[in-house]
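Only one structure is covered here, and it is reproduced in the block below.
Note that these values count all heavy atoms, side chains included, but never hydrogens, waters or copies made by symmetry. On a predicted model such as this, the values are computed, not experimentally measured, just so you know.
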Amino acid sequence: MILKAILLQEESNLIPVDQLGQKLLKKIGISWNKKYRKQYGPLRKFLQLHSQIFLLSSDESTVRLLKDYSLQAESDFQRNDQQVFKTLTSKSPGLNDRPSCPHWFDINDSKVQPIKEKAIEQQFQGKESAYMLFYRKSQLQRPPEARANPRYKVPCHLLNEMDAANIELQIKRAECDSTNNNFELHLHLGPHYRFFNGALHPVVSQTESVWDLTFDKRKTLGDLRQSIFQLLEFWEGDMVLSVAKFVPAGLHIYQTLDGDDLMLCEVDIADGEDIFVWNGVEVGGIQIPTGGDCEPLLLNVLSLTPSGEGGECQQLIESPRVFPSNAQLGTVFSALAIPEGVVVLISNTESIGEESWTTVPKEDLKKTFREQGLRNGSSILIQDSSSDNSLLTKQGKWITGVNDTDWLQVKNLCQLESEEEQVKVSATVNTVVFDIRIKAIKELKLMKELAENSCLRPIDRNGKLLCPVLDSYTLKEAGLKMGSSLGLCPGKAPTSSQLFLFFAVGSDVQPGTEMEIIVEETTSVRDCLKVMLEKSGLSGDTWHLRKMDWCYEAGEPLCEEDATLKELMISSGDALLLTEGKLPPLGFLKVPVWWYQPRIPSHPWKSRQDQASCTFSQGGDWRAASTQGAPSDGHAEGSLLFLGDVDISEDAALVELKSQAMTLPSFSEFCIPSPAFLRAWTVDSKRPGRLLRFHHQQLREYKLGRRTEICLEPLQKEENLGPQDMLLRTQMRLPGKRAYTLPMDMVWDTARGSTAGSLRQRVADFYSLPVEKTEIAKYFPEKFEWLPVSSWNQQITKRKKKKKQDNLQGAPYYLKDGDTIGVKNLLVEDDDDFSTVRDDIAREKQKQLALGKKSQEALHVQSSDVASGAETPARPRGPEASLSIHVGSFR
């Protein structure tokens with residue numbers, strides 16, 4: 001045997017396994033893998049199987065011959081080769097009859113390797129070794145009928161298990177073979193396409209024009225073509241297969257597949273490739289350009305066209321056009337049937353910051369679109385070279401002009417007669433605002449006196465005049481874009497040390513009703529308040545100022561009356577609100593308190609005057625609801641009544657706030673024995689919001705703020721909710737009716753997890769129902785929708801392999817205190833519908849409002865017609881405007 005001969009030539013008959021393979025190659029001139037691997041397997045495995053001759057180290061890195069094992073003749077090895085290469089059952093006397101030379105093997109699950117006797121103790125010691133078993137080799141004498149029969153005397157249950165495992169292995173091998181060698185192709189049939197706008201487009205629909213085909217990549221291109229022929233029985237004539245790809249313009253053919261003898265894995269075809277099936281020449285009678293050189297480009301072509309009376313004004317028209325990438329740039333003029341002019345290019349995909357245009361010389365019009373660097377989405381502007389007008393805005397994006405020059409539009413708002421209402425003034429980003437104002441006065445032919453008593457104010461897209469621009473600013477410093485509209489208004493612009501402020505009176509502010517004032521930035525809040533009261537014709541010392549947000553809603557009050565506007569970071573253009581009422585001292589809160597009457601059955605604390613079910617109206621009165629008693633198609637909505645304001649310190653406890661609220665005159669209408677029978681909520685969107693649960697916690701710790709309103713709810717008994725308790729309003733569904741019983745308060749302990757199963761168990765215990773026959777859903781009053789709460793299966797994320805528990809306090813339920821939970825008994829009603837008739841009516845009203853987009857008055861009327869108990873419509877918000885955020889380059 002060659003391997004034994006090589007080992008005998010080494011010292012100690014020991015050699016690394018890798019070197020054994022190299023020495024075999026030098027000795028016989030051919031490697032083990034090429035000559036013996038197919039018959040005997042890998043070299044290392046061969047050595048393991050013949051452990052009666054070769055002894056591998058524990059890490060299988062070295063091999064040596066067993067001691068005192070004599071070298072047999074090579075002829076004996078070839079003659080009795082199968083007997084030598086058997087397992088440990090060899091009849092060699094050196095293995096079985098020598099007690100002085102035992103052989104140990106480490107059997108670790110499916111891995112078996114020889115081990116030295118002295119290494120056994122070290123191998124099987126420590127905490128990692130739970131147990132150690134010793135095996136003794138037995139003589140195995142198999143009868144003649146067992147030869148070539150591996151199933152001989154194997155128990156039936158083991159044979160069945162092996163057969164099932166083999167079948168499963170064959171299925172897995174087939175699936176693996178299909179996964180590794182099959183790929184999916186998308187066949188686009190030529191007769192179902194037509195060529196227009198520079199690309200291929202389906203005649204009917206994409207679904208009917210594309211056929212999906214799964215094919216074996218080990219087959220040839222000819223096999224694919226034959227399969228497609230069999231699939232398309234209607235096909236006549238030649239069939240050409242081409243690789244196509246989708247581009248913004250449509251479908252484009254890039255490469256024709258040739259060579260029917262080539263395997264598909266050798267052809268450049270990827271999984272999910274689009275294959276266009278056609279005759280190779282034309283589609284629908286039109287010859288089709290193919291290849292990457294003529295790839296169609298979808299470009300935005302802009303041109304100035306006259307508009308208005310006399311064609312004095314020009315309008316920027318944008319139209320998408322498709323051109324081959326190898327076509328000359330000058331073909332734009334013939335495609336649009338316009339005379340040659342100035343072409344300005346921009347690549348939107350590569351622009352950084354503001355868009356920049358580049359003029360193309362006439363000699364470059366013979367270059368192709370690709371040579372000019374144009375790609376899909378690039379823009380081309382065509383403008384008459386003799387025109388004095390410059391570029392316009394394009395879809396809200398401001399464009400810098402050619403040669404760094406452009407224009408601004410100035411409107412005459414001085415209420416003086418002039419020949420023109422507006423003019424265009426040429427300018428650059430470095431032009432001073434004063435020069436633009438003087439030039440506009442001259443072109444409008446107004447009086448020269450306006451030069452000393454006028455200013456320019458930007459006009460937003462809604463037509464509102466913004467803060468005046470300082471004359472000393474350049475257009476860049478003022479943040480004005482080219483093409484902006486400015487209004488020439490009477491009055492001087494504020495100086496750099498002055499502030500231009502908008503202000504309004506009251507809480508119901510409509511857009512466009514604000515007043516304007518100019519004050520010094522060092523003016524105190526108290527002095528600014530006096531100036532605003534004087535201008536609005538009001539008097540008294542019971543007023544204060546608040547900031548107003550873009551929705552025309554009151555914000556935080558300006559509490560520090562002695563602070564300057566600059567210190568409070570008030571800037572020009574800000575809007576303030578004059579609100580009636582004096583601010584409390586520093587460290588105190590002025591809390592509006594409401595009485596909240598929930599629709600709870602048999603409630604003991606009711607008003608002496610009005611025991612009817614009521615809803616809140618904006619004036620603070622009670623308004624009767626249309627639904628009363630049980631059953632009800634309404635939900636857990638109550639009513640609000642304004643009690644008054646409470647001045648209290650931020651260091652006071654919640655129980656003190658309840659006590660002071662009980663002293664209000666309006667509270668005398670209710671019979672409440674003590675503050676412990678009151679539950680406090682914040683008021684959000686005219687309904688209870690956050691639950692204030694700890695009686696002795698300071699108001700400062702609740703972080704109420706100066707705009708927070710509180711509502712008090714009467715209780716039937718005292719309660720002491722813990723930090724993990726959640727208060728829910730539950731309503732039982734009435735069987736056979738789309739209605740619910742009156743709501744009932746239920747406390748749910750979420751300490752063990754706020755899961756769907758835990759909530760369902762709590763609800764089932766609360767109503768004494770079997771948990772498997774209990775169905776629950778959360779109600780969303782803003783949308784008038786019910787969302788069933790289902791115990792979804794635990795998901796395992798791919799990265800961290802952790803179980804993700806369902807948490808009802810997260811998406812999509814966002815469960816919190818005060819939410820309404822509908823309960824359905826599946827024993828008497830087995831369906832998925834939780835909605836009521838009122839929900840259907842309200843959703844239909846919302847749909848009509850969303851589709852209609854009518855005026856504010858129509859919105860008010862329609863929203864008030866929604867079923868009883870609906871919210872009072874919110875105040876009209878200001879018009880939304882887009883924001884332009886410029887981020888600097890930090891490279």
Could you check whether any side-chain heavy atom of [X] comes within less than 4.5 Å of a side-chain heavy atom of [Y], counting everything from C-beta outward?
{"X": "Met746", "Y": "Ile821", "value": "no"}
{"X": "Leu578", "Y": "Leu545", "value": "yes"}
{"X": "Pro458", "Y": "Cys467", "value": "no"}
{"X": "Val683", "Y": "Ile710", "value": "no"}
{"X": "Ile459", "Y": "Arg457", "value": "no"}
{"X": "Leu815", "Y": "Leu728", "value": "yes"}
{"X": "Glu775", "Y": "Phe834", "value": "yes"}
{"X": "Leu787", "Y": "Pro812", "value": "yes"}

What distance separates [X] [atom1] from [Y] [atom2], expressed to the nearest 0.5 Å?
{"X": "Glu514", "Y": "Leu501", "atom1": "CD", "atom2": "CG", "answer": "12.5 Å"}
{"X": "Trp594", "Y": "Ser639", "atom1": "CH2", "atom2": "OG", "answer": "11.5 Å"}
{"X": "Ile648", "Y": "Leu699", "atom1": "CD1", "atom2": "CG", "answer": "5.0 Å"}
{"X": "Leu712", "Y": "Gln597", "atom1": "CG", "atom2": "CD", "answer": "12.0 Å"}
{"X": "Leu769", "Y": "Thr774", "atom1": "CG", "atom2": "OG1", "answer": "4.5 Å"}
{"X": "Leu849", "Y": "Lys847", "atom1": "CG", "atom2": "NZ", "answer": "12.5 Å"}

*Check against side-chain contact (heavy atoms from CB on, under 4.5 Å), Asp839 and Glu785*: CA-CA 7 Å; Asp839 296 329; Glu785 294 178 353; over 6 Å; no
Considering all heavy atoms, the nearest [X]-[Y] contact:
{"X": "Gly377", "Y": "Asn300", "answer": "O-ND2, 3.8 Å"}
{"X": "Leu742", "Y": "Gln731", "answer": "C-CG, 4.4 Å"}
{"X": "Cys711", "Y": "Leu640", "answer": "CB-CD2, 4.0 Å"}
{"X": "His544", "Y": "Glu580", "answer": "CE1-O, 4.0 Å"}
{"X": "Ala756", "Y": "Val789", "answer": "CB-CG1, 3.7 Å"}
{"X": "Ala249", "Y": "His201", "answer": "O-CE1, 2.9 Å"}

*What is the ring orientation for Tyr740 with Trp786, classed by angle as parallel under 30°, tilted 30 to 60°, or perpendicular over 60°?*
parallel
*Begin from the C-alpha positions of Lys547 and Asp574 and carry the test side-chain contact (heavy atoms from CB on, under 4.5 Å) through to its verdict.*
CA-CA 8 Å; Lys547 291 183 178 180; Asp574 287 350; 5.9 Å; no
*Answer yes or no: are there more than 12 heavy-atom neighbours, outside Asp831 itself, under 6.0 Å from its atom CG?*
yes
*Tell me whether the centres of the aromatic rings in Trp543 and Phe503 are closer together than 6.0 Å.*
no
*Do Phe670 and Trp595 have ring centres separated by under 6.0 Å?*
yes
*May I have the step-by-step check of side-chain contact (heavy atoms from CB on, under 4.5 Å) for Met744 and Phe766, ending in yes or no?*
CA-CA 10 Å; Met744 300 178 63; Phe766 186 77; 4.1 Å; yes
Look at the side chain of [X] and the backbone N and O of [Y], then say whether any donor-acceptor pair between them is shorter than 3.5 Å.
{"X": "Ser758", "Y": "Thr755", "value": "no"}
{"X": "Arg679", "Y": "Leu715", "value": "no"}
{"X": "Ser485", "Y": "Gln409", "value": "no"}
{"X": "Tyr813", "Y": "Pro788", "value": "yes"}

*For a side chain to side chain contact (heavy atoms under 4.5 Å, CB included) with Met726, tell me which candidate from Arg762, Lys816, Gln809 qualifies.*
Gln809
*Applying side chain to side chain contact (heavy atoms under 4.5 Å, CB included) between Pro675 and each of Lys658, Glu718, His695, Gln660, report the one that passes.*
Lys658
*Determine, stepwise, if the pair Lys778 / Thr820 fulfils side-chain contact (heavy atoms from CB on, under 4.5 Å).*
CA-CA 6 Å; Lys778 180 194 171 181; Thr820 300; over 6 Å; no
Ion pair present between [X] and [Y], side-chain N to carboxylate O less than 4.0 angstrom?
{"X": "Asp745", "Y": "Arg729", "answer": "yes"}
{"X": "Asp833", "Y": "Arg738", "answer": "yes"}
{"X": "Asp725", "Y": "Arg693", "answer": "no"}

Just checking, any donor-acceptor pair under 3.5 angstrom between side chains of [X] and [Y]?
{"X": "Tyr702", "Y": "Thr682", "answer": "no"}
{"X": "Trp748", "Y": "Ser754", "answer": "no"}
{"X": "Glu829", "Y": "Asn825", "answer": "no"}
{"X": "Tyr814", "Y": "Asp819", "answer": "no"}

_Cation-pi check for Phe502 against Lys464: NZ or CZ below 6.0 Å from the six-membered ring centre and within 45 degrees of the axis, yes or no?_
yes
